[in-house]
Protein chains: 2
Amino acid sequence: MLVGAPADLAKGPSMSTASPEPTGLRERKKAHTRRTLMDTALRLFHENGYPETTTEEIAATVGVSQRTFFRYFPSKEAVLLSAVEDVDELLASALLERPGHESPFTALRNAMRDHWEQLAHASLHQRGDAANLIATSPDLAEANVRIDPSRRARLAGAVAERTGVDAETDPRPWITAAVFHTCLGLGHRQWVREGRPGQERLLACFLRQLDLAPEAVASDWPDAGTT
Amino acid sequence: MLVGAPADLAKGPSMSTASPEPTGLRERKKAHTRRTLMDTALRLFHENGYPETTTEEIAATVGVSQRTFFRYFPSKEAVLLSAVEDVDELLASALLERPGHESPFTALRNAMRDHWEQLAHASLHQRGDAANLIATSPDLAEANVRIDPSRRARLAGAVAERTGVDAETDPRPWITAAVFHTCLGLGHRQWVREGRPGQERLLACFLRQLDLAPEAVASDWPDAGTT
DNA sequence: TTGCCAAGTGTCATTCGCTGACATATTCTC
DNA sequence: GAGAATATGTCAGCGAATGACACTTGGCAA
């Protein structure tokens with residue numbers, strides 16, 4: 001599983017995040033190819049736009065056949081998904097480190113706040129800053145919307161794990177994840193509207209939306225704080 | 001707009017819901033073709049599965065060319081989306097009829113409850129019971145997930161309209177819509193797990209999830225009601 | 001009625017995402 | 001080093017989606 005197996009995006013629960021290092025030469029090569037494909041794809045997406053970049057082009061740039069591309073990634077979108085998963089992964093583990101007395105939603109919020117730099121750094125990592133990319137390109141943003149359900153499912157799983165409930169039967173992790181995710185989307189939107197200032201501002205936008213959430217669900221919206 | 005214009009799925013705000021009757025012969029033909037395409041598509045989806053049904057097949061069954069299909073619907077998914085929109089439309093108008101003192105989320109919940117039969121009936125309407133179809137077929141369910149963001153956006157718009165806030169700048173309608181939508185998804189899942197009893201049961205599942213939502217966001221999940 | 005314009009449709013060709021089948025090359029194991 | 005396992009390339013093909021062009025049909029006015 002994990003990095004080793006290409007075309008493998010199924011996310012079973014509780015698969016160890018540790019893929020220490022690929023010992024064999026085969027696996028090292030595979031990991032390299034996969035990473036190269038991913039980096040190249042993200043770079044091309046960024047340079048030419050998502051729909052404009054063909055899988056053929058990606059493969060050719062890397063120096064493999066298109067067929068090989070699809071052996072590593074089940075779809076074009078999957079490259080994005082996979083890149084974005086890394087960020088979600090970090091958030092998930094940050095979530096587990098939060099003190100147990102915090103409510104799931106609060107813990108999620110705080111995990112995000114505390115590990116923001118780490119998340120931001122990860123998104124700027126070798127992967128060609130997938131997250132930032134998505135934030136920047138309208139095409140990618142649209143693709144990201146389609147990917148959304150998977151991410152939300154992953155988040156719900158993480159919340160369930162932390163709280164020790166069964167995500168299969170318990171609705172609460174899903175609702176929490178949905179609200180959280182929506183807040184991020186809204187925060188990002190607002191950040192864009194403000195002209196994309198620094199990343200600290202993005203975090204601030206996120207937090208603002210997150211803090212509005214409980215009221216939005218429960219209250220009557222007397223009228224309060226827009227924008 | 002609406003039924004009249006083929007390949008037109010853009011949803012500008014405040015387009016009148018009234019398309020009284022197509023006066024011209026041209027427009028009547030067009031409306032007929034569109035409806036036939038939709039009905040046929042949904043029927044074939046139901047009989048053979050969504051991915052198994054080709055656009056070619058749909059067009060051939062109706063007696064038009066594949067090209068014409070794509071002149072009426074911008075994509076294969078759009079047929080589904082369009083059918084499902086009708087149901088959302090009803091919910092949106094039901095929402096506007098709820099007493100003003102209800103919180104948006106509650107109003108949404110109650111609108112759903114009160115107009116359930118109407119919604120159910122609409123879904124069984126001439127359109128080949130799109131909603132039910134989606135609920136039944138796993139393939140369609142997956143397609144429905146992808147469609148989800150559009151539906152949520154529509155719902156958010158409806159909530160914003162009811163409450164008189166600006167959906168562009170105010171986050172609350174979006175959060176409300178997201179939570180509501182998630183509850184529906186969860187309710188449906190539960191209903192499936194129970195072996196798909198009658199539609200009344202589906203409504204009950206929906207309502208149960210909806211009533212759990214506020215707690216899921218705010219509280220500490222002491223442990224309560226699973227299943 | 002006649003005839004013109006516009007809208008709707010069919011046909012053809014093409015692009016692109018994606019998959020199966022088979023042959024070849026590379027790595028691993030003994 | 002031989003043989004098994006795996007990774008890759010090549011080729012062929014399907015289906016979704018789009019553009020270009022020709023043809024038919026409905027709407028409308030002279």
Q.
Between B:R152 and B:D148, does any NZ, NE, NH1 or NH2 come within less than 4.0 Å of an OD or OE carboxylate oxygen?
A. yes
**Q.** OP1 or OP2 of C:dT9 under 4.0 Å from side-chain N/O of B:Y72
**A.** yes
Q | D:dT8 phosphate, OP1 or OP2, under 4.0 Å from A:T68 side-chain N/O | A | no
What's the closest nucleotide to the [X] side chain, out of [options]?
X: B:K30; options: D:dA16, C:dG8, C:dG17; answer: C:dG8
X: A:T54; options: C:dT27, C:dG17, D:dA17; answer: C:dG17
X: A:T33; options: D:dA16, D:dT8, D:dA7; answer: D:dT8
X: A:K29; options: C:dT27, D:dG26, D:dG9; answer: C:dT27
X: A:S75; options: D:dT18, C:dG8, C:dC18; answer: C:dC18
X: A:R26; options: D:dT6, D:dA16, C:dG17; answer: D:dT6

Distance (rounded to the nearest 0.5 Å) between [X] [atom1] and [Y] [atom2]:
X: A:L184; Y: A:W191; atom1: CG; atom2: CH2; result: 13.0 Å
X: B:L44; Y: B:I58; atom1: CG; atom2: CD1; result: 6.0 Å
X: B:L37; Y: B:F69; atom1: CG; atom2: CZ; result: 6.5 Å

Could you tell me how far apart [X] ([atom1]) and [N] ([atom2]) are, to the nearest whole angstrom?
X: B:R34; N: C:dA7; atom1: CZ; atom2: P; answer: 18 Å
X: A:E27; N: C:dC28; atom1: CD; atom2: P; answer: 9 Å
X: B:F70; N: D:dG15; atom1: CZ; atom2: P; answer: 12 Å
X: A:R71; N: C:dA21; atom1: CZ; atom2: P; answer: 13 Å
X: A:K76; N: C:dT15; atom1: NZ; atom2: P; answer: 16 Å
X: A:Q66; N: C:dT15; atom1: CD; atom2: P; answer: 14 Å
X: B:I58; N: D:dA17; atom1: CD1; atom2: C1'; answer: 13 Å
X: B:R28; N: C:dA7; atom1: CZ; atom2: P; answer: 19 Å

Q.
Over all strands shown, is A:S65 touching base, sugar-phosphate only, or nothing at heavy-atom distances under 4.0 angstrom?
A. base
Q: I would like to know whether A:R34 and A:S82 meet side-chain hydrogen bond (donor to acceptor under 3.5 Å, both in side chains); could you show each step before the answer?
A: CA-CA 11 Å; A:R34 183 187 168 85; A:S82 194; 2.9 Å; yes
Q: By nearest nucleotide on DNA chain D, pick out whichever of B:R67 and B:E56 is the more 5' one.
A: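 Whichever sits nearer the 5' end wins; that is B:E56.
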